[in-house]
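Structure first, commentary second.
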Amino acid sequence: MRILFDSKNEEYKVPFGCLRQDERCTLNIKIPCHCNTTKCFVIVEDYEGFYLKTRLLLKDKKDDYETYSGQFSLVNNGLYHYYFYIETTQGSFNLFKTGYNDTNIGEGEKWQITCIDKNYDTPVSFKGKVFYQIFPDRFYKDGECDLTDKLKPYYIHESTDECPVFLPDENGRIWNNDFFGGNLKGIEKKLDYIKDLGVSVIYLNPIFMAYSNHRYDTADYKRIDPMLGNDDDFKSLCKSAHKKGIKIIIDCAFSHTGSNSIYFDKDNIFGTGAYHRRDSKYFNWFMFDKYPDSYTSWWGIDTLPCVDEMNEDFIKYIITDEDSVVAKYLSLGADGIRLDVADELPDEFIKLLHKRVKEINKNALVMGEVWEDASNKESYGRVRKYFSDSELDSVMNYPYQNAIIGFASEHLSGYDFINTVMTIAENYPKPVLDCLMTSLSTHDTQRIITLMSRADQNISRIEKSTYKIENYDYAISKVKLCAFLQFFVPGGCAIYYGDEVGLSGYEDPFNRRFFPWNNMDENLLAFFKKLAKIKNEIKAFQTGKVDTLFAGEKCVAFKRYQDDECYAVIANYDENGAYFKCKEENVLLSSNAKYENGEIKVLKDGFALVKIS
């Protein structure tokens, strides 16, 4: 008989997940009677040496178990871990976590718990919404933009059917200076399409003036890239989007600028930058080892010089000045900011930015790019305080993305899938969980349909540029399985432009092709619309709780519930199928499934959404 404690089950821990300041946490642990327990304690620790020891008292004795119960609360925000210390008539031992919901004596992991501010919340208008990510140059073009000041050299493709340039020049350099001409007016022109898809939030990759087509090499934060338009175009886009109930989030790379910028100006185009002028007002933004040629750059890429984010002048320019970058774009109509490589931004910088954003618009969103579990993320030797210090409202939810793709591609078991889902739900504050942006593809990853087609990863880049999916029907069935899970796990979900119509592509730049307006998979598009309609109409899929129903090697089912409504989300890749008892009229959505004899049988690569109360 094992000692029983499951932090994800309210029979053992209340409340589920994080604590707020001064909130009482109640623990119940069941210890077999044969252990002859005399005392039981919970030990709570943090990274700063805080230590809390609370004795749990014998509450109940039933069958072969004794239940020890107790409470504790935390005053200060932070990331904590806890374990149990148990004394018996034969000796004493520490009890740790092992696996999904089991315990182990003497070795294992400590349980995690985060304490957040008692007033910490996130904007209601982003909770559980459908996001739409657009790479601006590759979506739609409407009219002509004034390219007088566009940084040169650049190349505009003759046809939107062409592949982005992917080969290096004779010196081995990839310039990223080929454009298709997508612009802000084009996005505004397609707002009806986006709205009809069920989208409530548009997330735009960078729009600031830059040399490259990805625009993460910012040339001027306070100017929109001429290829995209101007301030008036952005203001018009935001205004039109707001009329349709759609919000706009912009992508900001504040850890570095471009070398070809008004700030660094390595090519001496602007006459204002630190590379050529020690008296430049931007000189102290940068970290020169040996002036001017040796300087700190992002991942060693010399075209992306890093900035000292805590430099007083940089903070004023980006955050605190009346005409700061943050103030400018929020005043033009932006509803939030996505922070590129948030791990490389100091906590203090993010906190200042979050504070400023909320001062301007308390309903705006601050989202960070974090690839791992953001609740316990460590970078540069520090545990990050994204949630414990109320720095972020949301993060890009790669743990869920990886779990969904792993399950659908049959590399991850149902046990491991649900473990990831429940671990993130437990580790993240509920207000953050509701605002998470779970994607299937992004500008940094392969297109989901290419991944699901089991495309050969070992072919050359030339072969990748012309790759056509042969097993299309198989890939589509897998994409639908992924999207089904994506829309119904906790939080919001993001469609990367073109995924909804079958746009394919390997890694950058093949995942950044132009939207195929004349070659859309209408069946797949209709499926995404159906998913969005359900998500937008049922509160349980926006802000509801989540819990496990069952998990197997090749199948999984979890429930989403809120108030009096509860729904089962079932997915399977087992050849033998998975069964779920229900009424036929309660099956809201299914694929590769059949109903008979009072139950729905979910076949291989199938799924079903069932109302259970």
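Please read these numbers as outputs of a predicted model, since none were measured by experiment.
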Aromatic Y573 / basic K604 pairing, under 6.0 angstrom, 45° off normal:
no
Are R447 and Y497 in a cation-pi contact, defined as NZ or CZ under 6.0 Å from the six-membered ring centre and within 45° of the axis?
yes
Heavy-atom nearest pair, F179 first then R215, reads CE2-NH2, 3.7 Å
Taking all non-hydrogen atoms of both residues into account, name the closest pair between K244 and D192 and its distance.
NZ-OD1, 2.6 Å
So if I apply the side chain to side chain contact (heavy atoms under 4.5 Å, CB included) rule between I418 and each of T548, V546, L549, which one comes out positive?
T548
Geometric cation-pi criterion, K235 with Y329: 6.0 Å, 45°
no
Hey, do the aromatic rings of Y203 and F131 have their centres closer than 6.0 Å?
no
Can we call the ring centroids of Y221 and F254 under 6.0 Å apart?
yes
Verify, without hydrogens or angle tests, whether Q562 (side chain) and G544 (backbone) share a donor-acceptor contact under 3.5 angstrom.
yes
For the residue pair V610 and C582, what are the closest heavy atoms and their distance?
CG1-CB, 3.6 Å
E470 atom CD, neighbour heavy-atom count above 12 within 6.0 Å:
no
What's the verdict on ring-ring contact (aromatic ring centres under 6.0 Å, His included) for F487 and F541, showing C-alpha distance, side-chain angles and the deciding distance?
CA-CA 8 Å; F487 272 71; F541 298 128; over 10 Å; no
With no hydrogens and no angle check, is any side-chain donor or acceptor of N572 less than 3.5 Å from a backbone partner on V602?
yes
Are any side-chain N or O atoms of D220 and backbone N or O atoms of M209, one a donor and one an acceptor, separated by less than 3.5 Å?
no
Is the centre of the Y467 ring less than 6.0 Å from the centre of the Y506 ring?
yes
Any carboxylate oxygen within less than 4.0 angstrom of a Lys/Arg side-chain nitrogen, looking at D605 and K480?
no
Give a yes/no verdict on a cation-pi contact between K559 and Y561, requiring under 6.0 Å between NZ or CZ and the six-membered ring centre and an angle within 45° of the axis.
yes
NZ or CZ of K190 within 45° of Y140 ring axis and under 6.0 Å
yes
N-O pairing of E426 and K8 below 4.0 Å:
yes
Charged N to carboxylate O under 4.0 angstrom, D161 versus R513?
no
Quick one: sort the F407 and F417 rings into parallel, tilted or perpendicular, breaks at 30° and 60°.
tilted
Any salt bridge between R338 and E369, counting N to O under 4.0 Å?
yes
Carboxylate-amine/guanidinium contact E565 K611, below 4.0 Å:
yes
Only pairs at least two apart or in different chains count here, so list each side-chain hydrogen bond (donor to acceptor under 3.5 Å, both in side chains) that has a residue in residues 122-131.
D121-K127
Between the side chain of W175 and the main-chain N/O of P153, is any donor-acceptor distance below 3.5 Å?
no
Flag the pair E507 and R512 as a salt bridge only when some basic side-chain nitrogen lies within less than 4.0 angstrom of an acidic carboxylate oxygen.
no
Is the closest basic N to carboxylate O distance between K377 and D373 below 4.0 Å?
no
Apply side-chain hydrogen bond (donor to acceptor under 3.5 Å, both in side chains) to residues Q133 and T442 and explain how you reach the verdict.
CA-CA 8 Å; Q133 181 187 351; T442 72; 5.2 Å; no
Evaluate side-chain hydrogen bond (donor to acceptor under 3.5 Å, both in side chains) for S413 paired with E553, printing each intermediate quantity in order.
CA-CA 5 Å; S413 71; E553 281 296 327; 4.6 Å; no
Give me the ring orientation class for H157 and F180: parallel if the planes are under 30° apart, tilted from 30 to 60°, perpendicular past 60°.
parallel
Where does the angle between the aromatic ring planes of F139 and F515 fall among parallel (under 30°), tilted (30 to 60°) and perpendicular (over 60°)?
perpendicular
